[in-house]
Asker: 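Below you will find the structure I want to go over with you.
Numbering starts at 1 and runs along the sequence shown. Just so it is clear, the structure is predicted and the values come from calculations on it, not from any experiment. Atoms considered below: every heavy atom in the structure, side chains included; atoms not considered: hydrogens, waters and symmetry mates.
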Amino acid sequence: MTSNSSTEHVLEDLEHVLGDEYEHKPVPAQARRSTFSVSMVWIGFPMIITGAMTGSILVAGMGFKTAVLSMLIGNLLMFAYVGSLGLLGTTRGFNFALLASAVFGKKGYVFASGLLSSLLLGWYAVQTGITGNLIHTAFKLDYLTMTVIAGILYLGITFVGIRGLHWIGLVSVPLFVVLGGWVAFDSASGAGWDKVIAYAGTKPEVPMAFGIGLTIVMTLFIDAGTVTADFNRWAADGKSSLIATFCAFPFANMAAMLVGGVMTAALAVPDPQPFGLDNMFGYMLAQNKGWLAVIAFVFLFINLGSVCAHCLYNAAVGWSRIAKSKMRVFAVLLAVVGIAIAAANVWALFIPWLSLLGILVPPIGAVIIADLYFVRPHATIESDWRPRAFIAWAAGSLVAFGVENFAPQFSTAIAAFIAGGAVYFLLGLSDEDKARSVAAKGRA
């Protein structure tokens with residue numbers, strides 16, 4: 001028996017125990033999961049410390065009232081975007097790579113799926129690095145050791161598959177609701193809710209532009225939101241798919257951002273740091289209670305473990321499709337790469353990362369939505385390459401780049417989505433006109 005055949009038998013045995021992840025084919029009806037299960041997968045993704053950190057950034061830059069408005073609008077837009085893409089995955093049973101194959105081509109999809117899978121691997125590395133950094137800073141434990149331990153634990157959750165994401169959500173969400181709720185109300189009660197609501201930001205004379213705030217809200221999960229079919233393909237029907245999406249956007253993402261935003265407004269730190277006192281982890285440690293520090297330690301691993309496992313799952317599903325392999329094989333391979341990257345403190349690139357996502361990712365989702373809802377709703381995986389999809393993607397990214405550099409007061413993410421979708425739709429109309437012209441000449 002060769003080494004390869006032994007490995008294949010091991011993988012088959014694991015798949016029999018843990019379940020098929022359907023990397024290369026639609027999820028069949030009998031394998032679909034309950035509304036509660038898919039909802040737990042989604043709600044456990046954005047209800048995280050990093051979301052609270054993002055809320056802190058928004059409130060510090062825009063003031064409390066304006067920031068909350070940007071959170072609400074941004075999350076509702078995310079519900080529309082992610083919900084639309086999720087329904088496509090549910091209806092067809094396709095993961096993102098399979099949807100992209102229909103839109104960008106049997107070979108062309110590699111660029112869209114490979115980009116998003118790599119960006120999500122980056123998020124796995126970022127969040128793993130954040131775990132190691134916070135533990136190192138708070139408890140003086142070795143950064144590299146804590147990062148490696150965190151990365152391996154998060155890999156373990158991903159390796160189980162979609163059920164692992166369900167289980168980590170069951171643990172992570174109640175912990176966040178209890179601890180995040182306590183932190184927000186405790187800090188606000190000390191300062192007074194009137195002060196929180198009236199908070200004008202650290203630099204009220206030069207507030208963050210509303211468009212930039214919207215971009216930050218949306219790009220926090222724009223990559224994972226675009227590959228939502230990886231999760232929503234497991235939903236039994238459209239209603240279940242939309243309920244699961246709603247649990248994430250606006251509910252879970254908004255809740256996480258509000259925790260950080262309330263803390264920032266209540267504490268009014270002159271120069272807030274993403275991982276300082278106005279982060280819920282830092283706030284818990286600042287109480288100087290040993291039992292609360294232990295809870296904070298465990299909470300950090302579980303909470304960031306949820307987002308890391310989701311990101312690694314998306315990355316592994318995407319790359320396993322590209323390499324014609326198994327999700328669990330690539331979960332291990334990519335985790336090794338991600339842990340190595342995390343050791344280089346890449347979490348420090350957090351904001352530039354969001355900026356990059358706002359330029360490159362929204363047009364991909366826009367093209368898929370325009371194609372499979374309006375231009376070719378019954379499209380199947382046929383052509384190797386579909387150039388018009390790439391033209392629209394490039395157009396959306398170019399518009400986003402222009403907005404980013406010449407009109408930063410507007411939302412890069414929204415501009416990218418509108419431009420990409422509009423160009424693709426117009427190209428589709430042009431093709432229809434040509435087809436009608438050819439048909440008319442044939443009849444003549």
Side-chain angles (χ1 to χ4, degrees), residues 35-58 67-90 96 99 116 119-120 123 127 165-166 168-169 172-173 176-177 180 210-211 213-235 238-261 303 306-307 309-311 313-314 354 357-358 361-362 364-366 368-369 373 411-414 416-418 421:
T35 301
F36 176 77
S37 179
V38 182
S39 296
M40 289 311 301
V41 168
W42 256 124
I43 198 173
F45 200 174
M47 194 176 281
I48 53 171
I49 290 175
T50 317
M53 182 188 78
T54 303
S56 175
I57 292 171
L58 291 168
V68 170
L69 183 60
S70 73
M71 293 176 199
L72 180 60
I73 294 175
N75 274 291
L76 289 174
L77 290 172
M78 282 295 287
F79 173 68
Y81 176 75
V82 178
S84 298
L85 290 168
L87 279 174
L88 290 172
T90 302
F96 172 77
L99 284 181
L116 284 166
L119 289 172
L120 284 156
W123 267 123
Q127 303 287 356
L165 305 186
H166 166 91
I168 189 65
S172 177
V173 171
F176 189 96
V177 170
F210 193 80
L214 278 180
T215 297
I216 291 176
V217 172
M218 296 179 68
T219 53
L220 181 62
F221 278 95
I222 196 71
D223 47 359
T226 301
V227 299
T228 181
D230 289 355
F231 303 140
N232 292 59
R233 64 192 170 123
W234 297 95
K239 179 182 177 181
S240 175
S241 180
L242 288 174
I243 289 173
T245 304
F246 185 85
C247 286
F249 313 104
F251 178 69
N253 202 34
M254 184 86 177
M257 290 181 176
L258 282 174
V259 167
N303 187 254
S306 180
V307 67
H310 283 74
C311 289
Y313 180 84
N314 289 138
L354 294 186
L357 295 180
V361 176
I364 298 175
I368 292 174
I369 290 171
Y373 275 107
S411 173
T412 302
I414 294 175
F417 177 85
I418 293 174

Asker: Going by side chain to side chain contact (heavy atoms under 4.5 Å, CB included), Leu85 matches just one of Thr228, Val227, Ile364. Which one?
Answerer: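 Option passing the side chain to side chain contact (heavy atoms under 4.5 Å, CB included) with Leu85: Thr228.
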
Asker: Which residues satisfy the ring pair (Phe, Tyr, Trp, His ring centres under 6.0 Å) test with Phe96, sequence neighbours excluded?
Answerer: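 Residues passing ring pair (Phe, Tyr, Trp, His ring centres under 6.0 Å) with Phe96: none at all.
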
Asker: The criterion is side chain to side chain contact (heavy atoms under 4.5 Å, CB included); which residues satisfy it with Val68, sequence neighbours excluded?
Answerer: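 So Val68 forms a side chain to side chain contact (heavy atoms under 4.5 Å, CB included) with Phe64, Met254, Leu258.
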
Asker: According to side chain to side chain contact (heavy atoms under 4.5 Å, CB included), who are the partners of Ala255, at least two apart in sequence or on a separate chain?
Answerer: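 Applying side chain to side chain contact (heavy atoms under 4.5 Å, CB included) to Ala255 gives Met47.
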
Asker: Indicate the atoms forming the closest heavy-atom contact of Asn314 with Ala224, along with that distance.
Answerer: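 Looks like OD1-CB, 4.3 Å.
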
Asker: Taking the side chain from His310 and the backbone from Val41, do they hold a donor-acceptor pair closer than 3.5 Å?
Answerer: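 Yes; judged by distance alone, with no hydrogens or angles, the pair exists.
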
Asker: Can you name the residues that form a side chain to side chain contact (heavy atoms under 4.5 Å, CB included) with Ser172, not counting sequence neighbours?
Answerer: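 Partners of Ser172 by the side chain to side chain contact (heavy atoms under 4.5 Å, CB included) criterion, ordered by chain and then number, come out as Ile302, Asn303, Ser306.
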
Asker: So which of Thr54, Thr50, Asn75, Asn253 actually passes side chain to side chain contact (heavy atoms under 4.5 Å, CB included) with Phe221?
Answerer: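 Per the side chain to side chain contact (heavy atoms under 4.5 Å, CB included) rule, the option paired with Phe221 is Asn253, out of Thr54, Thr50, Asn75, Asn253.
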
Asker: Can you list every pair that meets side-chain hydrogen bond (donor to acceptor under 3.5 Å, both in side chains) and has a residue in residues 241-252, with sequence neighbours left out?
Answerer: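 Applying side-chain hydrogen bond (donor to acceptor under 3.5 Å, both in side chains) to every pair that reaches into residues 241-252, excluding sequence neighbours, yields Thr90-Ser241, Asn232-Ser241, Asn232-Thr245.
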
Asker: Measure from the ring center of Trp42 to the ring center of Phe246 and say whether it is less than 6.0 Å.
Answerer: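 No, they do not, as the ring centres are separated by 6.0 Å or more.
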
Asker: In chain order, what residues pass the side chain to side chain contact (heavy atoms under 4.5 Å, CB included) check against Ile414, with sequence neighbours excluded?
Answerer: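 Leu77, Leu214, Met218, Ser411, Ile418.
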
Asker: Ignoring hydrogens and geometry, is there a side-chain-to-backbone donor-acceptor pair from Thr226 to Ile222 under 3.5 Å?
Answerer: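 Yes.
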
Asker: Please determine whether the number of non-hydrogen atoms from other residues, nucleotides or ligands lying under 6.0 Å from atom CZ of Phe251 exceeds 12.
Answerer: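 No, CZ of Phe251 has 12 or fewer neighbouring heavy atoms, counting only those of other groups under 6.0 Å.
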
Asker: Counting N and O atoms only, with roles assigned by atom type, does the side chain of Tyr81 sit under 3.5 Å from a partner on the main chain of Phe417, one being a donor and the other an acceptor?
Answerer: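 No.
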
Asker: Between Phe231 and Tyr313, is there a side-chain heavy-atom distance shorter than 4.5 Å?
Answerer: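 Contact flag for Tyr313/Phe231 side chains = yes.
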
